[in-house]
Amino acid sequence: MKNTEKYTRNYFMPPYPCFKWTEKEYIDKAPVWCSVDLRDGNQALVVPMTLEEKLEFFKYLVKIGFKEIEVGFPAASETEYEFCRALIEENLIPDDVTIQVLTQSREHIIKKTFEALKGAKNAIVHLYNSTSVAQREQVFRKSKEEIIDIAVSGAKLFLQYAKEFEGNFRFEYSPESFTGTEMEFALEICNEVLKIWDPNPENKVIINLPVTVELSMPHVYASQIEYMCENLYKRENVVVSLHPHNDRGCGVADTELGLLAGADRVEGTLFGNGERTGNVDIVTLALNMYTHGVDPMLDFENMPETVAVYEKLTGMKVNERQPYGGALVYAAFSGSHQDAIAKGMKWREEKEVPHWTVPYLPIDPKDVGRQYDGDVIRINSQSGKGGIGFLLQKKFGIDLPPKFRETVSYAVKDISDKQHKELLPDEIYNAFMEKYVNAESKLKYKEVHFVQGDEYEAKLTIIQNNKERVITGTGNGRLDAVSDALRRCLNITFTICSYKEHALNTGSKSKAISYVEIADKNGVITWGAGVHSDIITSSVKGLISALNLSDIL
């Protein structure tokens, strides 16, 4: 292949050899399992689950034995928030089951997260922020110290809100993109959080070390986990958790070696659903242990039911060759395979052997309820502002300012959340145009004329309450003059905070789009946009749109 020189190894080994895990042969006991099907898995679905579907899935996860279940990101959408509240208020969480929720290290998000958990008997509140070199340099453009400050401020807020809200809370912290982080820095940031939370035997803290993106062979991850386990603050009071994704197809191997290296807990999904190539597949992990004679503490004795429930609620399909659950994994087409299996089954009957050793079948199909014979950004309620902004820019030429992009993203995600569906590009474009562009609900623009002297004088014709008015104002620029006219003649107060404009396309018939950000006297921000063949008119329309969308008029 070409361009091999483009790629390099973007992971970090520990500062000293960590290979004690190689002395272990197999995993001799089940880890603490945490299903993230309802959050990490759900956000990767083309059409995220409805409230009713999430409730059904939650009940099934309880049925098959999960004691820790991540139920969502309550601050991300109303559906996620209401789902969390429904579980608590309708008393749907068994006493031995702990729900988990995710939050970024931002105060308003943390506060809403604790609001969603009010009254929970047992809840894990999961804090995360990205720590890798790539994320620090390219995405956040922050120093190590600034990244630590993000984590520390979030950890302190956890303590504050845990006291303010009723509930029994445990804390979890993830240095997201752990595998692309220098190990010494990953340890430093985790220990800073641990020192704030100060775990003890009665109140242990979870440190989750995710393979957010697979960057290495599995043995590297195992060495990273061993290093962290040996050096974490108050390790005896820390539950070390794994959250592998499957970019290199090694999610199961990463997890198994990470458990050998000292981890205590695994976050994953049924059949590996999740972003990109997916999360680690808990079904495979559990049944791999089962084939070694270790009780996984999860019940997959009715695999056809598990597959059916998963496919119904996620809309995903279990591949025919998926380990343990696929439709064809217990079928043999090769004659020699058929022969060997038949002879192996006969040998078992003759010898009455206690252990399963049938050729080509690592597990007895009957033990899982089976018989031997037997494109690119797409938008939904889980999407971020970056994806929505990218799509609008690339497909429609709408280059939103970063702050406006965030506002638009919340509006778009709210539509998707309420409709419980993916939004196509044209639907996103139409939603943006209808809500923010040339808005005329209270005040309508008719025309404007300018006279330039020492200052600009604007003569603006508007329609308000079905009555046409001509108002005038002055300013050091055209938009400033229009703003002056609107303030004085309508007796309103606002400030233009920012303004941006650009052509929507090229050619003689090109239109311009303008984005205007205003603030009322209390500092409340509103955005509006204007589109017109004349760039000055588009800016005036953008300002009037913002006023119409605000509570100023």
Next on the checklist: Testing the 3.5 Å rule here: is there a donor-acceptor pair between the side chains of Thr526 and Ser550?
Outcome noted: no
Checklist outcome for this item: Which of Leu209, Val205, Ile189 passes side-chain contact (heavy atoms from CB on, under 4.5 Å) with Tyr173? Answer is Ile189
Checklist entry - What distance do Lys156 atom NZ and Ser105 atom OG have between them, rounded to the nearest 0.5 Å? => result 11.0 Å
Item to check | Flag for Glu267-Gln100: side-chain donor and acceptor within less than 3.5 Å | outcome: yes
Next on the checklist: Among Leu159, Ile207, Leu194, Val193, which residue satisfies the side-chain contact (heavy atoms from CB on, under 4.5 Å) criterion with Phe171?
Outcome noted: Leu159
Checklist entry - Is the backbone N or O of Lys541 less than 3.5 Å from a side-chain atom of His532, with the two atoms forming a donor-acceptor pair by type? => result no
Checklist entry - Would you call Asp254-Arg248 a salt bridge at under 4.0 Å N-O? => result no
Checklist outcome for this item: Scanning both residues in full, the closest heavy-atom pair of Val47 with His420 reads CG1-O, 3.1 Å
Checklist entry - Quick check: are there more than 12 heavy atoms from other residues, nucleotides or ligands sitting under 6.0 Å from CG of Asn491? => result no
Checklist entry - So do the side chains of Val437 and Phe432 get within less than 4.5 Å of each other, counting heavy atoms only? => result yes
Checklist entry - Do the side-chain N and O atoms of Glu107 and Tyr161 include a donor-acceptor pair separated by under 3.5 angstrom? => result yes
Item to check | CD-OG1 distance between Glu214 and Thr179, expressed to the nearest 0.5 angstrom | outcome: 8.5 Å
Checklist outcome for this item: Rounded to the nearest 0.5 Å, the CG atom of Asp480 sits from the CD atom of Glu455 at a distance of 8.0 Å
Item to check | Among Lys54, Lys413, Arg39, Arg85, salt bridge (Lys or Arg N to Asp or Glu O under 4.0 Å) partner for Glu80 | outcome: Lys54
Checklist entry - Does a donor on one side chain and an acceptor on the other come within less than 3.5 Å for Asn246 and Thr277? => result no
Next on the checklist: Could you tell me if the side chain of Glu188 sits less than 4.5 Å from the side chain of Lys144, heavy atoms only?
Outcome noted: no
Checklist entry - Checking side-chain contact (heavy atoms from CB on, under 4.5 Å) against His108, which of Lys111, Arg106, Lys112 comes through? => result Arg106
Item to check | Neighbour count above 12 (heavy atom, 6.0 Å) for Lys500 NZ | outcome: yes
Checklist entry - Does the side chain of Ile492 come within less than 4.5 Å of Leu547's, by heavy atoms? => result yes
Checklist entry - Do Val482 and Tyr456 touch side chain to side chain, with heavy atoms closer than 4.5 Å? => result no
Next on the checklist: Measuring from atom CG of Leu87 to atom NZ of Lys59, what distance do you get when rounded to the nearest 0.5 angstrom?
Outcome noted: 9.0 Å
Checklist entry - Would one find more than 12 heavy atoms of other residues, nucleotides or ligands at under 6.0 Å from atom NZ of Lys442? => result yes
Next on the checklist: Can you see whether Asn122 engages Thr98 through a side-chain donor-acceptor pair at a distance of less than 3.5 angstrom?
Outcome noted: no
